[in-house]
Amino acid sequence: MNNMITIIKKELARFFGDRRLVFTTVIMPGLMIFVMYTFMGKGLMKELSTSDDYVAKAYAVNMPEELRTMTKGLQVEWEDWDGNPGEQERILQEIADGEKDGLIYFPENFMEDMYAYNMGDEPAPNIEIYYNSEKSNSLTFFNNMRSFFTAYEETMVNKYDVNAKTGIYGSYDQATENGLLGKMLSGLLPMLIMVFIFSGCQSVAPESIAGEKERGTIATLLVTPMKRSALALGKVISLSLIALMAGVSSFLGTILSLPNMMGDEMEFSAMSYTITDYLLLLAVIISTVLVIVAIISMISANATSVKEATTAMAPFMLVIMVISILPMMGMESKSAITYFIPLYNSIQAMTGIFGFQANVGLSLLAVGINLVAAGALTYALTKMFGSEKVMFSR
Amino acid sequence: MEELLQVKDLRKTFTLSAKQQKIEKTREKVKVAVDGLSFTAYKGEVFGLLGPNGAGKTTTLRMLATLIKPDSGDAIMDGSSIVKQPEEVRGKIGFLTSELKLEEFFTPNYLFDFFAKLYGVAPEKIAERKKLLFGRFGIDRFAEMKVGNLSTGMKQKVSLVVSLVHDPDIVIFDEPTNGLDVLTAKVVTDFLLDLKAQGKTILVSTHIFSLIEKICDRVGIVINGKMVVCDTLQNLCGDKDLEERFFEIYEERVGRIDE
Ligand SMILES: Nc1ncnc2c1ncn2[C@@H]1O[C@H](COP(=O)(O)OP(=O)(O)OP(=O)(O)O)[C@@H](O)[C@H]1O
Ligand SMILES: [Mg+2]
């Protein structure tokens, strides 16, 4: 027990004593994700959205007065044009340059023709909207106009409605407010968390185990009276702490940048998860970290060099990626049996928690199974530390 | 005289990989490194294992230090079996070979405390022991430098000190003066004699005759994994010097050296 703590202290002293290592494994992932997502989000939003109080400037030809009043709410400043062909080129150029946001053209006597129009007659009067899809303001103008006039057309020929106003049983959409958000987060976050945990382990475990083997420092530890199990446990626990820090940092980076990435409409409030959700999540993450660290430690113990260890880890990384992506593609299994598979059960449990559908019993089962697996793997690691074939292979 | 160290019929074979077979220029799959080796060392003496390259000295010492397990045979170190009680054995011995390295990132000061804890040295004893050993080897001058920045000799001194943090009764050194300049080598051999004076039992392996002559009470000559002679330096050599006797014995057992 004491020896285990001594080992943990040394591993942490080694880690925290190396500022560059701390920076690259703990601080940088979170920071990078935050900066990247925020930047990406801001850029994306700027491209896609126009500010709410923007008033579009557009030309109108033959615009009927009643329609002009109806478009008041759409924030367009109309400038009438008589349709004189001599000016056509200049006007289209203005739209291309973004000086004006569009041009709307009504055939002469549009209103009379429209009222007189019967289904099947050819052709129906046509409203023409000219715009520039490269300019977001112009695109918004076009979309607004199109939906406005399509809706207007529906009211003209109204035979029946679907889901108009509020329903007699209340709201039509039965999703809870958290539904959409939950879906997004439950697809994305378990995978991100798994990847972050993995990369956290990957940056320290090979160095700490295969590296010590390669440099011959582990032999110095092995001639001390310390039990092999103290060494194995000390390594697994300290590496888990470091991996956890890397995971938490990346996690914070993601969570904090989500509001930026999704824009203001997507009101992200972490408050919508309960304390139980958080505690379960923490338990699942810790148990997952232990299993991943134990596996990576075994791979590292088996390798003769850091390089070999890193290479040998690739297939395991692939497995983690695949099982992490399953829920995102809607392929997760609902069966409780799958909760007996270590790591896969973490994904299942996290998907539930992030989807606001945490199953406390099954999540705890996942934690339990993972802890047992981590214990068994650490026992195996102990045996590996005791094996001269493994420790002194060249 | 108390038999502190009894080595009985130790045998160790290595299975050679195809690559190793090439390096060793052999077609045999199994290399017998130590072949039924036995000897006894008495309390308070310096015992020397002498032998040519590849004789099996390092392998024997690694087995005694419980780093590797013998295929058969056993050794009792101050009452503890290397096969059945490896942890007890490790607590009783100080083992040093060039294969034991120290983490370059840490300072001698940190490493001393770290290993003192792992060897179970009482906390109040650690500082006292550090003062003594660091003073003796002049480590105080570079106690706060990272091991990675030390010279080979400095590193070796730190390794030596670390292997003795727990003041063991049995000290096992593989090639104690290898790679050291004459000054440092003298510090080490003087220290070994000091340990002997304190009543410690010391086992060294070497192929340096002068080292054996300087410090050993008894010597065992190992050739091809077997102990061919084992006696006091006096009985073994008589009035000849050790080098001369070694060649005689070698030619008797193996044949002419230039063959
Ligand atoms: N891990 C190993 N795998 C295969 N063969 C080994 C291994 N360790 C040692 N040997 C072989 O066992 C034999 C004895 O080696 P050992 O290192 O014990 O010799 P030594 O007496 O210490 O020699 P030296 O004076 O060169 O240090 C050698 O032939 C060596 O090649
Ligand atoms: Mg040797």
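- The shortest heavy-atom contact between A/G30 and A/S249 is N-OG, 3.1 Å.
- Using cut-offs of 30° and 60° on the angle between ring planes, the pair B/F39 and B/F47 is parallel.
- For the pair A/T224 and A/T220, the tightest heavy-atom approach, listed with the atom from each and the gap, is CG2-O, 3.5 Å.
- In this structure, A/K235 pairs ionically with A/E212, as a charged nitrogen and a carboxylate oxygen lie closer than 4.0 Å.
- In this structure, A/R228 fails the cation-pi test against A/F385, since its NZ or CZ atom is not both closer than 6.0 Å to the six-membered ring centre and inside 45 degrees of the ring normal.
- Using a 4.5 Å cut-off between heavy atoms, B/K92 does not touch chain A at all.
- Within the 6.0 Å centre-distance limit, the rings of B/F137 and B/F191 are counted as a close aromatic pair.
- Nearest approach of A/I296 to A/A205, heavy atoms of both residues: CG2-CB, 3.5 Å.
- Taking A/R215, A/M226, A/R14 one by one and counting their heavy-atom pairs under 4.5 Å with chain B, the maximum is reached by A/R14.
- Here the shortest heavy-atom pairing between B/P70 and B/I82 reads CG-CD1, 4.2 Å.
- With A/E388 as the partner, the salt bridge (Lys or Arg N to Asp or Glu O under 4.0 Å) test is satisfied by one option alone out of B/R62, B/K12, B/K69: B/K12.
- Contacts of A/A230 with chain B are absent, with no heavy-atom separation under 4.5 Å from either backbone or side chain.
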**Asked** So A/I7 and A/L231, side-chain contact (heavy atoms from CB on, under 4.5 Å) or not? Walk me through it.
**Response** CA-CA 7 Å; A/I7 295 286; A/L231 181 59; 3.8 Å; yes

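- Of all residues spanning residues 28-36 of chain B, none has a heavy atom less than 4.5 Å away from chain A's heavy atoms.
- Chain A forms the most heavy-atom pairs under 4.5 Å with one residue out of B/F105, B/F114, B/F95, B/F14, and that residue is B/F105.
- Counting heavy-atom pairs under 4.5 Å between each of A/A13, A/G211, A/G216 and chain B puts A/G216 at the top.
- The residues B/D113 and B/K117 are annotated as not salt-bridged, no charged nitrogen and carboxylate oxygen being separated by less than 4.0 angstrom.
- Closest of all the heavy-atom pairs between B/V7 and B/L37 is CG1-O, 3.6 Å.
- Between A/K213 and A/E308, no side-chain nitrogen of the basic residue sits less than 4.0 Å from a carboxylate oxygen of the acidic one, so the salt-bridge criterion is not met.
- Proximity to chain B (any heavy atom under 4.5 Å) is shown, for A/N2, by neither the backbone nor the side chain.
- Of the two parts of B/Y119, the backbone and the side chain both hold a non-hydrogen atom closer than 4.5 Å to a non-hydrogen atom of chain A.
- Contacts between residues 143-170 of chain B and chain A, defined by a heavy-atom separation under 4.5 Å, are made by no residue at all.
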